[in-house]
Participant: 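To start, I am sharing the structure in question, which I have written as structure tokens.
Whatever order the structure lists ligands and atoms in, that order sets their numbers, starting from 1.
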Amino acid sequence: MKRFTGLFMAAAFVLSTFGIALAAPTYVTIGTGGVTGVYYPTGGAIAKMVNKKRKEYNLRATVESTGGSVFNVNAIAAGDLEFGIVQSDRQYQAYNGLADWEGKPVKELRAVFSIHPESVTIVANAEKNIKTVADLKGKVVNIGNPGSGQRGNAEDLFAAAGIDVNKDMQAEGMKAAESASMLQDGRIDAFFYTVGHPNGSVKEAVAGATKVNFVAVPADIVKKLTDKFPYYAPAEIPVAEYPGVMNTEDVPTFGVKATLCTSANVPDDVVYAITKEVFENFDEFKTLHPAFANLTKESMLQGLSAPIHPGAMKYYKEVGLMK
Ligand code: GLU
């Protein structure tokens with residue numbers, strides 16, 4: 001024992017003399033969404049890439065299931081999360097002090113990269129005959145919990161369609177993870193989920209005894225939304241991903257992008273390490289979720305409206321992805 005202690009002290013002396021730090025690792029947490037969405041496995045994929053090099057970076061990334069985009073932005077601002085996955089529209093609004101952040105812009109919000117496309121997905125009980133947005137009037141609709149990204153998308157959509165969320169329907173505010181079973185049990189007629197495809201939640205909703213269909217967003221309303229808001233783009237829900245759904249053709253809607261955000265207060269070397277590991281192992285990263293199928297490195301630099309974090313920028317400049 002004594003000899004062991006002596007050896008240990010000698011080793012510690014050598015290490016400290018030569019300036020080799022035995023520093024405690026840095027822990028970072030990535031805020032995601034519900035476990036049956038795409039954010040949660042996406043956070044897992046990012047963490048996996050960087051944790052493979054935990055010795056080199058002395059960094060450990062963990063993933064947390066959260067209420068979604070709005071929750072993640074606020075937790076990043078509060079310093080409770082180092083990273084969060086955030087819809088591109090929410091990133092824009094938070095940085096510019098709009099919508100949920102009216103008059104209180106999150107100036108320390110920073111973009112790292114964007115990930116998969118997300119479409120505003122409205123899933124309905126097929127027996128209720130809800131084919132288009134106007135048919136949601138008079139129905140029980142889960143527009144999403146207040147921390148979610150989809151809630152604001154539902155509000156924007158109804159405003160563009162001239163439908164009053166508070167008067168023309170019974171709007172609920174439950175988390176997306178509860179939506180599929182509530183739809184199957186008949187407690188709601190439809191739900192909103194802004195999400196990448198395919199995902200576990202919509203699969204769960206489609207797989208039950210109650211038949212379901214996706215609700216189309218008419219082209220004139222999509223145009224109104226894309227004209228008014230810079231962060232919306234036309235999108236489609238791929239029906240082939242959901243065997244059993246009643247639709248026979250891809251369903252028109254509008255969408256955004258999932259993005260990885262952080263705070264200006266997170267050190268450059270931490271953001272650099274995460275960015276580098278995802279981009280250097282890009283082919284492997286793409287295999288980690290089917291919603292990543294069409295990603296390119298260039299596409300991952302689109303849809304970023306907050307300033308790019310200097311740690312990420314350092315990597316993009318090094319490899320020539322940015323000037
Ligand atoms: N877009 C959703 C949100 O911001 C989360 C989707 C997901 O978890 O994949 O709340």
Side-chain angles (χ1 to χ4, degrees), residues 29-47 63-77 81 83-95 98-101 106 109 111-123 142-157 171-180 191-205 214 229 231-233 235 237-238 241-242 253-262 288-295 303-306:
T29 304
I30 306 170
T32 60
V35 292
T36 49
V38 181
Y39 285 10
Y40 188 71
T42 296
I46 295 168
V63 171
E64 197 176 293
S65 169
T66 74
S69 286
V70 174
F71 178 95
N72 294 342
V73 167
N74 293 336
I76 289 170
L81 287 174
F83 293 91
I85 306 178
V86 176
Q87 287 179 201
S88 49
D89 53 328
R90 296 312 197 147
Q91 183 189 137
Y92 183 96
Q93 293 166 341
Y95 186 73
L98 303 167
D100 288 64
W101 300 275
V106 185
L109 192 68
V112 185
F113 48 73
S114 71
I115 323 166
H116 56 282
E118 300 187 270
S119 41
V120 176
T121 306
I122 313 168
V123 187
N142 183 20
I143 62 169
N145 59 293
S148 73
Q150 52 269 10
R151 193 176 173 94
N153 302 138
E155 288 168 348
D156 285 349
L157 172 60
E172 301 289 352
M174 266 89 60
K175 287 188 173 181
E178 298 168 52
S179 285
F191 70 85
F192 275 78
Y193 200 11
T194 303
V195 67
H197 295 287
N199 65 77
S201 241
V202 174
K203 283 196 167 166
E204 188 190 335
F214 297 124
F229 301 109
Y231 39 74
Y232 286 146
I237 304 161
E241 304 282 8
Y242 301 103
T253 181
F254 62 108
V256 295
K257 266 188 164 209
T259 70
L260 183 70
C261 289
T262 188
L288 296 179
H289 198 286
F292 301 165
N294 298 319
L295 295 189
L304 306 175
S305 44

Participant: Looking at Y193, which atoms of ligand 1 are within less than 4.0 Å of one of its heavy atoms?
Facilitator: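 Those of ligand 1 that fall under 4.0 Å from Y193 are 6 (C), 7 (C), 8 (O).
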Participant: Please determine which of L98, T194, N72, V70 meets the side chain to side chain contact (heavy atoms under 4.5 Å, CB included) test together with R90.
Facilitator: V70
Participant: I need the atoms of ligand 1 closer than 4.0 Å to a non-hydrogen atom of G68, numbered in the order shown.
Facilitator: 10 (O)
Participant: Using a 4.0 Å cut-off to any heavy atom of T194, which atoms of ligand 1 qualify?
Facilitator: 1 (N), 2 (C), 5 (C), 6 (C)
Participant: Determine, using ring centers only, whether Y92 and F229 are less than 6.0 Å apart.
Facilitator: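 Between F229 and Y92, the centre distance exceeds or equals 6.0 Å.
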Participant: With a cut-off of 4.0 Å, which atoms of ligand 1 are near a heavy atom of S69?
Facilitator: 3 (C), 4 (O), 10 (O)
Participant: I'd like to check whether Y40 has a polar contact with ligand 1, where a contact means an N/O of the residue lying under 3.5 Å from an N/O of the ligand.
Facilitator: no
Participant: Would you say the side chain of L295 lies within less than 4.5 Å of the side chain of I115, judging by non-hydrogen atoms?
Facilitator: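 Side-chain contact under 4.5 Å: yes.
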Participant: Of V256, T259, N153, V38, which is the lone residue that meets side chain to side chain contact (heavy atoms under 4.5 Å, CB included) with E118?
Facilitator: V256
Participant: Just distances here: any N/O of S148 and N/O of ligand 1 closer than 3.5 Å?
Facilitator: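 S148 vs ligand 1: no N/O contact under 3.5 Å.
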Participant: Under 4.0 Å from any heavy atom of V195, which atoms of ligand 1 are there?
Facilitator: 9 (O)
Participant: Closer than 4.0 Å to some heavy atom of V38 - which atoms of ligand 1 meet that?
Facilitator: 7 (C), 8 (O), 9 (O)
Participant: Quick one: does ligand 1 sit under 4.0 Å from the side chain of E118, the backbone, both or neither, non-hydrogen atoms only?
Facilitator: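 For E118, the contact with ligand 1 is made by the side chain alone.
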Participant: Just wondering, do N199 and T121 contact through their side chains at under 4.5 Å, heavy atoms?
Facilitator: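 A side-chain contact is absent here, since even the closest heavy-atom pair is not under 4.5 Å.
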Participant: Using distance alone, with no hydrogens and no angle criterion, decide if Y231 and Q87 have a side-chain donor and acceptor under 3.5 Å apart.
Facilitator: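 No donor-acceptor contact under 3.5 Å links the two side chains.
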Participant: Under 3.5 Å between some N or O of ligand 1 and some N or O of G147?
Facilitator: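 Min N/O separation from ligand 1 is not below 3.5 Å for G147.
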Participant: What's the verdict on side chain to side chain contact (heavy atoms under 4.5 Å, CB included) for N142 and Y193, showing C-alpha distance, side-chain angles and the deciding distance?
Facilitator: CA-CA 9 Å; N142 183 20; Y193 200 11; over 6 Å; no
Participant: Can you list everything that forms a ring pair (Phe, Tyr, Trp, His ring centres under 6.0 Å) with Y40? Sequence neighbours excluded, please.
Facilitator: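 Once residues adjacent in sequence are excluded, Y40 has no partner under the ring pair (Phe, Tyr, Trp, His ring centres under 6.0 Å) criterion.
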Participant: Distance under 4.0 Å to a non-hydrogen atom of Q150: what atoms of ligand 1 satisfy this?
Facilitator: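 Once the distances to Q150 are compared, the set is 2 (C), 3 (C), 10 (O).
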Participant: Which atoms of ligand 1 sit under 4.0 Å from any heavy atom of Q87?
Facilitator: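 Reading through ligand 1 atom by atom, the close ones are 1 (N), 2 (C), 3 (C), 4 (O).
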Participant: What residues, two or more places apart in sequence or in another chain, satisfy side chain to side chain donor-acceptor pair (under 3.5 Å) together with T262?
Facilitator: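 Counting only residues at least two positions away or on another chain, T262 forms no side chain to side chain donor-acceptor pair (under 3.5 Å).
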Participant: How far is atom 10 (O) of ligand 1 from its nearest protein heavy atom, and which residue and atom is that?
Facilitator: G149 N, 2.8 Å
